[in-house]
Amino acid sequence: MLLNSKDFLEIKQLTVPEIELILSTAESLKEISQRDIKKVPTLRGKTIINLFYEVSTRTRTSFEIAGKRMSADVVNISTNSSSVLKGEGLKDTACNLEAMKPDIIVIRHPAPGAPHMLASLLDCSVINAGDGAHEHPTQAMLDLLTIREKKGDIAGLQVAIVGDITHSRVARSNIWALTKMGAKVTVVGPKTLIPPYIEQLGVSVSYRLAEVIPKADVLMILRIQLERQHGGFFPSLREYSKLFGLNLEKLKAAKTDVLIMHPGPINRGVELDPEVADGPYSVILEQVTNGLAVRMALIYLLLGGVDI
């Protein structure tokens, strides 16, 4: 089991041994998805509820498949077809769901701290699948796994996180995860999209993508989150793409073994040109594959699975 909690809520509170445990467990579970019959009976009789207050494709599908690969019963609840539309609050929804005795509730919510509130109220385990602009811890874990598979070690790597840092829960979780594992992180973007005092998290700041490309072992490109932005943070998407989008011309200055990452969904032609997103340096689809393994590992560890 995880060492210090019944829940998985944020990278910030994880220890390095816990991170290593999750990564090594995920590595061992990847083999299941290569079998002809992609299922093990490890968590038969366990119930997982995916409670998503925001739209999601990769994360929700990944959690659903992860539970089913381990033979758990998985229930998906979208708020556009639930009692939330009738005015039911988060606390009442969660308490009613727990009355049905699930083992894990996976929650994505637009309010930072919502998973933490549920974890303090409920006896079942809670997994944070993204809370507002706070954290997206499973994304950071799958990113660590992908980098470690490709690079062998994370310590000492130069990682540039590029884009909308202010509104990105992926950026926050990755900053915590990468710095804990010994990487040197630089955040890159317009001044309007870089939070003040972010250097206190142990990162460097650059406002010029061209400045960091030659040094980076990993270029982690973020999605421009227009749905979270209230105000003019940059003149236009065209202007943003010109300065901070990654294309083949800019990539000529990169290391020959650089990794290009993106949490998805991609705004093609804005953050990444198609030739880069689908090119030889891109590990975006490997991230998706590893996301399944990481979520299998978390479910397994939280529920104390023994036989695989």
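Computed over heavy atoms, backbone and side chain alike; hydrogens, waters and symmetry mates excluded. None of these values were measured; they are calculated from a predicted model.
- Proximity of a side-chain donor or acceptor of Thr59 to a complementary backbone N or O of Ala129 within less than 3.5 Å is not detected.
- The closest donor-acceptor contact from the side chain of Ser204 to the backbone of Thr186 lies at 3.5 Å or more, if one exists at all.
- A side chain to side chain donor-acceptor pair (under 3.5 Å) with Lys151 is found for exactly one of Asp217, Thr146, Asp257, namely Asp257.
- A salt bridge is absent between Lys91 and Glu98; no separation between the charged side-chain nitrogens and carboxylate oxygens falls under 4.0 Å.
- Between the side chain of Glu211 and the backbone N or O of Ser206 there is no donor-acceptor pair closer than 3.5 Å.
- Considering every non-hydrogen atom in both Ala277 and Leu272, the closest pair reads CB-CD1, 4.1 Å.
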Apply the test side-chain contact (heavy atoms from CB on, under 4.5 Å) to residues Leu51 and Val106: give CA-CA distance (whole Å), side-chain angles for both, the deciding distance (0.1 Å), then the verdict.
CA-CA 6 Å; Leu51 178 60; Val106 179; over 6 Å; no
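- Atom CE of Met100 sits about 6.5 Å away from atom CG of Asn96, to the nearest 0.5 Å.
- The pair Lys252-Glu249 meets the salt-bridge criterion, with a side-chain N (NZ, NE, NH1 or NH2) lying under 4.0 Å from an Asp/Glu carboxylate O.
- Under a 4.0 Å N-O distance rule, the pair Glu149/Lys30 qualifies as a salt bridge.
- Looking at every heavy atom in both residues, Ile165 comes nearest to Pro195 through CG2-CD, 3.7 Å.
- Remark: side-chain polar atoms of Thr179 are paired, donor with acceptor, to backbone N or O of Trp176 under 3.5 angstrom.
- The CZ atom of Arg295 sits 9.5 Å away from the CD1 atom of Ile127 when rounded to the nearest 0.5 Å.
- When all heavy atoms of Ile147 and Leu259 are compared, the closest pair comes out as CA-CD1, 4.3 Å.
- Between Phe244 and Leu209, the shortest heavy-atom contact is O-CD2, 3.5 Å.
- Val270 places a side-chain heavy atom less than 4.5 Å from the side chain of Tyr240.
- Partner Val276 forms a side chain to side chain contact (heavy atoms under 4.5 Å, CB included) with one of Leu248, Ile266, Ile221 and no other, that one being Leu248.
- Here NE2 of His136 is found 8.0 Å from OG of Ser173. Values are rounded to the nearest 0.5 Å.
- Cluster annotation: Leu90 and Leu121 are assigned to the same hydrophobic cluster (Ile/Leu/Val/Met/Phe/Trp/Tyr, side-chain heavy-atom contacts under 4.5 Å, transitive).
- Looking only at distances, no side-chain donor or acceptor of Asn174 sits under 3.5 Å from a matching main-chain atom of Leu178.
- When the side chains of ILVMFWY residues are joined at heavy-atom separations under 4.5 Å, either directly or via intervening members, Ile49 and Val55 end up in two distinct hydrophobic clusters.
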What verdict does the side-chain contact (heavy atoms from CB on, under 4.5 Å) test give for Arg223 and Asn267, after you've listed the backbone C-alpha separation in whole Å, the side-chain angles of each residue and the deciding distance to 0.1 Å?
CA-CA 7 Å; Arg223 181 175 68 86; Asn267 294 310; 3.4 Å; yes
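- Atom-to-atom distance recorded for Leu298:CG and Asp7:CG is 11.5 Å, nearest 0.5 angstrom.
- Gln158 places no side-chain N or O within 3.5 Å of a backbone atom of Val185 that could act as its donor or acceptor partner.
- To the nearest 0.5 angstrom, Ile105 atom CD1 is 13.0 Å from Asn128 atom CG.
- Rounded to the nearest 0.5 Å, atoms CD1 (Ile299) and OG (Ser125) are 10.5 Å apart.
- The pair Arg148-Glu20 meets the salt-bridge criterion, since a charged nitrogen lies less than 4.0 angstrom from a carboxylate oxygen.
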Apply side-chain hydrogen bond (donor to acceptor under 3.5 Å, both in side chains) to residues Gln287 and Asp143 and explain how you reach the verdict.
CA-CA 6 Å; Gln287 289 175 266; Asp143 290 342; 2.8 Å; yes
Quick one: do Asp278 and Arg268 satisfy salt bridge (charged side-chain N to carboxylate O under 4.0 Å, His left out)? Show the steps, please.
CA-CA 10 Å; Asp278 303 325; Arg268 287 175 177 256; 2.9 Å; yes
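- Checked against a 6.0 Å centroid threshold, the rings of His116 and His109 do not count as neighbours.
- Under the 4.5 Å side-chain heavy-atom criterion for grouping Ile, Leu, Val, Met, Phe, Trp and Tyr, Leu145 is not connected to Val288 through any hydrophobic cluster.
- Judged by distance alone, with hydrogens and angles left aside, the side-chain atoms of Glu18 form a donor-acceptor pair with the main-chain N or O of Thr15 at under 3.5 Å.
- Looking only at distances, a side-chain donor or acceptor of Ser241 sits under 3.5 Å from a matching main-chain atom of Gly269.
- Here the side chain of Lys250 pairs a donor or acceptor atom with the backbone of Gly245 at under 3.5 angstrom.
- The salt bridge (charged side-chain N to carboxylate O under 4.0 Å, His left out) pairs that include a residue from residues 182-206 number zero, where partners must be two or more places apart or lie in different chains.
- Taking hydrophobic clusters as Ile, Leu, Val, Met, Phe, Trp and Tyr residues chained together by side-chain heavy-atom distances below 4.5 Å, Val159 shares a cluster with Val16.
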Set out, in order, the CA-CA distance, both residues' side-chain angles and the distance that settles side-chain contact (heavy atoms from CB on, under 4.5 Å) for Ile77 and Val75, then state yes or no.
CA-CA 7 Å; Ile77 298 177; Val75 179; 4.3 Å; yes
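- Shown here for Arg172 and His134, the closest heavy-atom pair between the two residues is CD-O, 3.1 Å.
- Ile19 and Leu21 fall within the same hydrophobic cluster, where Ile, Leu, Val, Met, Phe, Trp and Tyr residues are linked whenever their side-chain heavy atoms come under 4.5 Å apart, directly or through other members.
- A donor-acceptor pair under 3.5 Å is absent between the side-chain atoms of Asn50 and the main chain of Asn76, judged by distance alone.
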Go through the steps to decide whether Gln13 and Glu10 satisfy the test side-chain hydrogen bond (donor to acceptor under 3.5 Å, both in side chains), and finish with yes or no.
CA-CA 6 Å; Gln13 299 302 326; Glu10 58 184 7; 3.3 Å; yes
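- Taking the centre and axis of the six-membered ring of Phe52, the NZ or CZ atom of Arg108 falls outside the cone set by 45° and 6.0 Å.
- Salt-bridge check for Lys68 with Glu64: passed, with a basic side-chain N closer than 4.0 Å to an acidic carboxylate O.
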Decide side-chain contact (heavy atoms from CB on, under 4.5 Å) for Phe8 and Leu14; before the verdict, give the C-alpha distance in whole Å, the side-chain angles of both, and the deciding distance to 0.1 Å.
CA-CA 9 Å; Phe8 184 75; Leu14 287 183; 3.6 Å; yes
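- In this structure, Ala297 and Ile22 approach most closely via the heavy-atom pair CB-O, 3.9 Å.
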